[in-house]
Amino acid sequence: QVQFVESGGGLVQPGGSLRLSCVASGIIFRFSTMRWYRQAPGKQRELVGSIDIATRTNYADSVKGRFTISRDNAKNTVYLQMNSLKPEDTAVYYCNRPGGQAWGQGTQVTVSS
């Protein structure tokens with residue numbers, strides 16, 4: 001059974017930082033490209049960025065230079081380091097594989113003063 005468990009969200013002031021984690025199970029993690037997505041209230045889920053099996057990364061223009069994705073294959077975990085957070089980064093954050101159908105519960109990130 002494919003499962004993703006996201007954690008690390010919270011309330012942070014503008015300009016602050018958070019590090020999200022996503023633990024995957026039920027997949028061969030080291031052979032999987034992993035993505036981070038987010039969904040803000042009233043908006044569709046959007047792709048934040050991805051990391052492939054060679055640890056090459058891609059990011060949405062809105063987060064480029066502020067967010068960094070990394071992975072630890074020994075822990076079946078993908079990370080999202082978020083710096084210089086803005087109020088518009090407020091959303092529920094999810095991880096998944098490209099085309100994945102099973103979604104975790106996500107982790108809420110709120111950026112507010």
Side-chain angles (χ1 to χ4, degrees):
Q1 180 182 359
V2 177
Q3 188 174 14
F4 302 104
V5 181
E6 300 91 350
S7 63
L11 173 64
V12 62
Q13 292 187 342
S17 298
L18 281 174
R19 188 194 194 204
L20 307 184
S21 300
C22 169
V23 180
S25 58
I27 64 172
I28 305 176
F29 184 82
R30 67 185 184 278
F31 292 147
S32 299
T33 290
M34 294 298 298
R35 290 177 170 175
W36 281 99
Y37 299 83
R38 66 185 181 186
Q39 187 167 19
K43 295 187 177 181
Q44 289 192 337
R45 190 173 292 164
E46 65 173 352
L47 177 64
V48 173
S50 64
I51 184 166
D52 68 12
I53 62 174
T55 68
R56 292 171 297 204
T57 54
N58 282 291
Y59 300 96
D61 287 344
S62 58
V63 307
K64 203 171 292 184
R66 299 188 298 121
F67 290 10
T68 303
I69 299 174
S70 60
R71 64 191 297 160
D72 184 339
N73 290 341
K75 296 181 179 179
N76 280 14
T77 301
V78 60
Y79 302 98
L80 180 64
Q81 177 67 44
M82 305 186 295
N83 299 327
S84 302
L85 282 161
K86 304 175 181 180
E88 51 263 44
D89 296 318
T90 295
V92 179
Y93 285 72
Y94 305 87
C95 71
N96 209 332
R97 297 178 296 176
Q101 300 299 309
W103 292 88
Q105 82 288 350
T107 186
Q108 174 71 48
V109 172
T110 303
V111 184
S112 175
S113 55

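Just so you know, these numbers use all the heavy atoms, side chains as well, and skip hydrogens, waters and symmetry mates.
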*Asks:* Just wondering, do Val109 and Leu20 contact through their side chains at under 4.5 Å, heavy atoms?
*Replies:*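 Leu20 reaches Val109 side chain to side chain.
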*Asks:* Just to verify, what does Asn73 make a side chain to side chain donor-acceptor pair (under 3.5 Å) with, not counting sequence neighbours?
*Replies:*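 Result, side chain to side chain donor-acceptor pair (under 3.5 Å) vs Asn73: Arg71.
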*Asks:* Please report the C-alpha distance between Leu85 and Leu18 in whole Å, then the side-chain angles of each, then the deciding distance to 0.1 Å, and finally whether the side chain to side chain contact (heavy atoms under 4.5 Å, CB included) criterion is met.
*Replies:* CA-CA 8 Å; Leu85 282 161; Leu18 281 174; 4.3 Å; yes
*Asks:* Return yes when atom CD of Gln44 has more than 12 non-hydrogen atoms of other residues, nucleotides or ligands closer than 6.0 Å, and no otherwise.
*Replies:*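 It does not: Gln44 CD has 12 such atoms or fewer within range.
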*Asks:* Using side-chain heavy atoms (C-beta onward) and a distance below 4.5 Å, is Val78 in contact with Ile69?
*Replies:*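 Yes, their side chains come closer than 4.5 Å.
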*Asks:* Short question: side chain of Ser113, backbone of Gln13 - any donor-acceptor pair under 3.5 Å?
*Replies:*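 No; judged by distance alone, with no hydrogens or angles, the pair does not exist.
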*Asks:* Measure the CD-CG distance between Gln3 and Asn76 for me, rounded to the nearest 0.5 Å.
*Replies:*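 With rounding to 0.5 Å, CD (Gln3) is 12.0 Å from CG (Asn76).
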*Asks:* Side chains of Pro14 and Pro87, heavy atoms from C-beta outward: is any pair under 4.5 Å?
*Replies:*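 Yes, close enough: below the 4.5 Å cut-off.
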*Asks:* Provide the full list of ring-ring contact (aromatic ring centres under 6.0 Å, His included) pairs with a residue in residues 56-85, sequence neighbours left out, each pair given once.
*Replies:*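 For residues 56-85: none.
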*Asks:* Can you tell me how far apart CG (Asn83) and CZ (Arg19) are? Round to the nearest 0.5 Å.
*Replies:*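 That separation rounds to 11.5 Å.
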*Asks:* By side chain to side chain contact (heavy atoms under 4.5 Å, CB included), which residues pair with Val2, not counting sequence neighbours?
*Replies:*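 Residues passing side chain to side chain contact (heavy atoms under 4.5 Å, CB included) with Val2: Phe4, Ile27, Arg97, Ala102.
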*Asks:* What distance do Ile51 atom CD1 and Ser32 atom OG have between them, rounded to the nearest 0.5 Å?
*Replies:*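 Here the interatomic distance stands at 12.0 Å.
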*Asks:* Could you go step by step and tell me if Val92 and Thr107 meet the side chain to side chain contact (heavy atoms under 4.5 Å, CB included) rule?
*Replies:* CA-CA 5 Å; Val92 179; Thr107 186; 6.0 Å; no
*Asks:* Would you list the pairs meeting disulfide (SG to SG under 2.5 Å) in which at least one residue belongs to residues 4-108, sequence neighbours left out?
*Replies:*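 For residues 4-108: Cys22-Cys95.
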*Asks:* With sequence neighbours left out, what residues match Lys64 under side chain to side chain donor-acceptor pair (under 3.5 Å)?
*Replies:*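 By the side chain to side chain donor-acceptor pair (under 3.5 Å) rule, Lys64 matches Asp61.
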*Asks:* Suppose we screen for side chain to side chain contact (heavy atoms under 4.5 Å, CB included). Which residues come up paired with Val23, at least two apart in sequence or across chains?
*Replies:*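 Expected list: Thr77.
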*Asks:* Using side-chain heavy atoms (C-beta onward) and a distance below 4.5 Å, is Glu6 in contact with Ser21?
*Replies:*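 Not touching, per the 4.5 Å side-chain cut-off.
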*Asks:* Leu47 and Tyr94: same hydrophobic cluster, using ILVMFWY side-chain contacts below 4.5 Å?
*Replies:*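 Yes.
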*Asks:* List for me each residue that meets salt bridge (charged side-chain N to carboxylate O under 4.0 Å, His left out) alongside Arg56, sequence neighbours excluded, and say none if there are none.
*Replies:*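 For Arg56 the salt bridge (charged side-chain N to carboxylate O under 4.0 Å, His left out) partners, ignoring immediate neighbours, are Asp52.
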*Asks:* Using the side chain to side chain donor-acceptor pair (under 3.5 Å) criterion, which residues pair with Gln108? Sequence neighbours excluded.
*Replies:*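 Gln108: side chain to side chain donor-acceptor pair (under 3.5 Å) contacts with Thr110.
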*Asks:* So, using side chain to side chain donor-acceptor pair (under 3.5 Å) as the criterion, who are the partners of Gln39 when residues are at least two apart?
*Replies:*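 Here no residue qualifies.
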*Asks:* For residues 29-54, which residue pairs qualify under ring-ring contact (aromatic ring centres under 6.0 Å, His included), counting only residues two or more places apart or in two chains?
*Replies:*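 Passing the test, one end in residues 29-54: Tyr37-Trp103.
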*Asks:* I'd like to check the side chain to side chain contact (heavy atoms under 4.5 Å, CB included) partners of Ser84; sequence neighbours left out, ordered by chain and number.
*Replies:*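 If we apply the side chain to side chain contact (heavy atoms under 4.5 Å, CB included) test to Ser84, skipping adjacent residues, the hits are Arg66.
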*Asks:* How would you list all residue pairs meeting salt bridge (charged side-chain N to carboxylate O under 4.0 Å, His left out) that involve residues 31-41, not counting sequence neighbours?
*Replies:*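 Found Arg38-Glu46, Arg38-Asp89.
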